[in-house]
K.L.:
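Sharing a structure below in structure tokens format, with a few things to ask.
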Amino acid sequence: TFLGRDTSAIIGKRDLDILPTTISSSMQRIDRAVLRDTKAVSCEETIASPQGQRSFWITKFPLLNSTGEVFAIGSISTDISQQKQAEDAMLRYHEQLAKTQAEVDVTQRIQALLLPEASEFQDIAGLELASYIRPAEDVGGDYYDILRLGDHTKLAIGDVTGHGLESGLLMLMTQTAVRALLVSGASDFKHILDSVNKTLFGNLQRMRVDKSLTLSLLDYHDGKVKLSGQHEHVLIARAHNQDQSQDHNQDQNQDHNQTQVEILDTIDLGFPLGLEADIRPFLADTVFALEPGDSVVLFTDGITEAENAAGARFGLKRLIETLRSYHKQSAEAILDGIMSAVYQHTANHSTDDDLTLVVFKRVN
């Protein structure tokens with residue numbers, strides 16, 4: 001039997017002789033209830049056996065003679081061990097799921113609290129700013145921030161690989177580290193990127209998490225923008241076409257009468273953060289002028305990689321064409337126009353990545 005004994009060794013034995021005291025006592029209580037009420041009683045019992053814990057659904061019922069008296073008690077036991085194991089596993093799963101969801105809720109709340117508010121964009125001398133962010137999951141891996149320090153406006157935009165809780169935590173680490181350095185007076189972007197990388201690299205090693213982050217930092221002051229760090233392209237829509245000989249790449253498909261959109265590749269300005277302990281050899285910065293009416297568009301790859309039901313991506317070319325259509329309008333209108341185009345492209349097809357877009361425009 002499941003107790004590891006031959007049938008011959010238990011025939012004629014009492015339950016007290018073959019079962020643990022707690023189980024036999026329970027069985028006797030059930031027997032007394034059956035005798036008292038002359039009706040069936042069911043219960044669940046877990047019994048230790050050589051194969052481990054076994055669970056049974058036991059039903060005991062009275063056997064009556066011709067005069068209606070109980071002359072014996074019958075018993076049917078059904079082994080429900082596998083069912084109980086499955087139920088216990090499901091319970092542990094739901095408990096872990098609830099714990100994880102609580103962690104996600106806290107992280108999501110912290111992320112929302114740390115995002116720049118619209119009021120922070122107002123009254124920035126000479127600039128209009130607008131931003132949009134929508135995580136693919138409850139916790140996103142996209143990061144952006146805007147900070148006014150004196151007559152300088154600092155902007156940061158980044159994208160952690162993947163999304164979910166771990167990516168969200170890395171985003172929060174980045175926001176805290178970058179902001180702390182900027183507020184403390186650090187102005188050398190290469191030094192900031194190096195310091196943030198060292199912090200993230202150490203934390204990721206400790207967490208044993210395989211994640212990284214692209215990050216670009218920008219500083220606007222008196223018509224000049226300094227840019228450092230590797231991220232997506234930076235798009236610059238010019239109010240008036242400029243000399244084609246400047247260093248930034250030009251959209252080669254533009255018509256003479258179309259708005260000039262410069263495509264600034266950031267690949268040579270940095271290195272993904274968190275992958276290597278020392279990224280100083282890869283860090284560089286560049287400076288470009290921003291004239292009145294010029295607009296700058298910053299984005300994460302969720303924008304250009306947003307797909308429709310057929311699998312076609314929104315793409316950089318469509319982003320540039322949309323920027324051309326709205327460049328004469330306010331920063332807010334440019335942002336609204338681009339996001340409308342993205343959602344029109346994807347229709348009801350869900351996006352698999354976070355969507356972040358930041359637009360700033362020099363107005364005087």
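All values below come from the heavy atoms of this structure, side chains included, with hydrogens, waters and symmetry mates left out.
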K.L.:
Would you say the side-chain atoms of Thr322 pair up with the backbone N or O of Ile338, donor to acceptor, closer than 3.5 Å?
P.N.:
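No; zero donor-acceptor contacts below 3.5 Å.
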K.L.:
Which heavy atom of Val296 sits nearest to which heavy atom of Phe288, and what is that distance?
P.N.:
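Taking Val296 first and Phe288 second, the nearest heavy atoms are CG2-CE1, 4.2 Å.
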K.L.:
Only one of Asp301, Thr214, Thr300, Thr266 clears side chain to side chain donor-acceptor pair (under 3.5 Å) with His231; which?
P.N.:
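Answer to the side chain to side chain donor-acceptor pair (under 3.5 Å) test with His231 among Asp301, Thr214, Thr300, Thr266: Thr214.
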K.L.:
If we ignore hydrogens and angles and just use 3.5 Å, is the side chain of Arg179 paired with the main-chain N or O of Gln175 as donor and acceptor?
P.N.:
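Not confirmed, Arg179 side chain does not pair with Gln175 backbone.
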K.L.:
Of all heavy-atom pairs between Phe189 and Ser228, which one has the smallest distance, and what is that distance?
P.N.:
CB-CB, 3.6 Å
K.L.:
Can you tell me how far the CD atom of Gln329 sits from the CD1 atom of Ile334, to the nearest 0.5 Å?
P.N.:
7.5 Å
K.L.:
Determine yes or no for a side-chain-to-main-chain donor-acceptor pair under 3.5 angstrom, with Asn197 supplying the side chain and Glu276 the backbone.
P.N.:
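Yes; judged by distance alone, with no hydrogens or angles, the pair exists.
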K.L.:
Indicate yes or no for a side-chain donor-acceptor contact from Thr161 to the backbone of Ser212 under 3.5 Å, with no hydrogens or angles considered.
P.N.:
yes
K.L.:
Before accepting this row, confirm whether a basic side-chain N of the pair Arg92/Glu95 lies closer than 4.0 Å to the acidic partner's carboxylate O.
P.N.:
no
K.L.:
Report the residue from Lys328, Arg238, Arg362, Lys361 that forms a salt bridge (charged side-chain N to carboxylate O under 4.0 Å, His left out) with Asp294.
P.N.:
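Exactly one pass, corresponding to Arg238.
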K.L.:
Would you say Thr199's side chain and Ser195's backbone share a donor-acceptor pair under 3.5 angstrom?
P.N.:
yes
K.L.:
For Glu44, I'd like to know if atom CD has over 12 heavy atoms of other residues, nucleotides or ligands within 6.0 Å.
P.N.:
yes
K.L.:
Answer yes or no: is there a donor N or O on one side and an acceptor on the other, between the side chain of Asp37 and the main chain of Lys39, under 3.5 Å?
P.N.:
no
K.L.:
Out of curiosity, Asp151 CG to Tyr220 OH, how far, rounded to the nearest 0.5 Å?
P.N.:
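These two atoms lie 10.5 Å from each other.
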K.L.:
Measure across Leu204 and Lys211 and return the closest heavy-atom pair with its distance rounded to 0.1 Å.
P.N.:
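Looking at all heavy atoms of both residues, the shortest contact is CD1-O, 3.3 Å.
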K.L.:
Can you confirm whether the side chains of Thr259 and His327 place a donor and an acceptor under 3.5 Å from each other?
P.N.:
yes
K.L.:
Could you tell me whether Asp285 and Lys226 make a salt bridge, using a distance below 4.0 angstrom between a side-chain N and a carboxylate O?
P.N.:
no
K.L.:
Could you check Leu227 against Leu264 for side chain to side chain contact (heavy atoms under 4.5 Å, CB included), going step by step and ending with a plain yes or no?
P.N.:
CA-CA 10 Å; Leu227 168 68; Leu264 203 163; 3.8 Å; yes
K.L.:
List the atom of Gly229, the atom of Ser216, and the distance in Å for their closest heavy-atom pair.
P.N.:
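The answer is O-OG, 2.8 Å.
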K.L.:
Give, for atom CG of Asp336 and atom OH of Tyr326, the distance between the pair rounded to the nearest 0.5 Å.
P.N.:
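Between Asp336 CG and Tyr326 OH, I get 9.0 Å after rounding to 0.5 Å.
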K.L.:
Please identify which of these residues, Leu215, Asp159, Asp354, Thr356, meets the side chain to side chain contact (heavy atoms under 4.5 Å, CB included) condition with Tyr143.
P.N.:
Leu215
K.L.:
So, taking the atom named CD in Gln82 and the one named OG in Ser55, what distance separates them when rounded to the nearest 0.5 Å?
P.N.:
11.5 Å
K.L.:
Any side-chain to backbone donor/acceptor pair from Arg313 onto Asn308? Under 3.5 Å, distance only.
P.N.:
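Side chain of Arg313 to backbone of Asn308: no pair is present.
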K.L.:
Keeping Thr38 on the side-chain end and Val34 on the backbone end, is there a donor-acceptor pair under 3.5 Å?
P.N.:
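No, Thr38 side chain to Val34 backbone: no donor-acceptor pair under 3.5 Å.
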K.L.:
Show your working on side-chain hydrogen bond (donor to acceptor under 3.5 Å, both in side chains) between Ser26 and Glu45 and close with a plain yes or no.
P.N.:
CA-CA 9 Å; Ser26 176; Glu45 290 290 352; 2.6 Å; yes
K.L.:
Treating His345 as the side-chain partner and Ala312 as the backbone partner, does any N or O pair qualify as donor plus acceptor under 3.5 Å?
P.N.:
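Checked: pair present.
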K.L.:
For Glu262 and Gln260, test the side chains for any donor-to-acceptor distance below 3.5 angstrom and give the result as yes or no.
P.N.:
yes
K.L.:
Would you give the length of the straight line joining atom CZ of Phe360 to atom CG of Leu127, rounded to the nearest 0.5 angstrom?
P.N.:
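Spacing of CZ (Phe360) from CG (Leu127) equals 7.0 Å.
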K.L.:
Which label fits Tyr132 and Tyr343: parallel for a plane angle under 30°, tilted from 30 to 60°, or perpendicular past 60°?
P.N.:
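Plane angle over 60°, so perpendicular.
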K.L.:
Is there a path of hydrophobic side-chain contacts, each under 4.5 Å between heavy atoms of I/L/V/M/F/W/Y residues, joining Phe201 to Leu273?
P.N.:
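No, because Leu273 and Phe201 fall into different hydrophobic clusters, even though each may have its own neighbours under 4.5 Å.
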K.L.:
Hey, what do you get for CG (Leu155) to CG (Leu298), rounding to the nearest 0.5 Å?
P.N.:
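Between atom CG of Leu155 and atom CG of Leu298 there are 6.5 Å.
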K.L.:
Apply the side chain to side chain donor-acceptor pair (under 3.5 Å) test between Asp194 and each candidate in Lys190, Lys198, His191; give the one that qualifies.
P.N.:
Lys198
K.L.:
Does the pair Ser131 and Tyr144 meet the rule for a side chain to side chain contact (heavy atoms under 4.5 Å, CB included), with working shown?
P.N.:
CA-CA 9 Å; Ser131 66; Tyr144 82 97; 2.8 Å; yes
K.L.:
Can you give each donor-acceptor pair under 3.5 Å made by side-chain atoms of residues 61-68, sequence neighbours left out, with the distance rounded to 0.1 Å?
P.N.:
unit_1	atom_1	unit_2	atom_2	d
Asn65	OD1	Thr67	N	3.0
Asn65	OD1	Thr67	OG1	2.8
Asn65	OD1	Gly68	N	3.1
Asn65	OD1	Glu69	N	2.8

K.L.:
For Thr59 and Ser42, work out which heavy atoms get closest and say how close.
P.N.:
OG1-OG, 2.8 Å
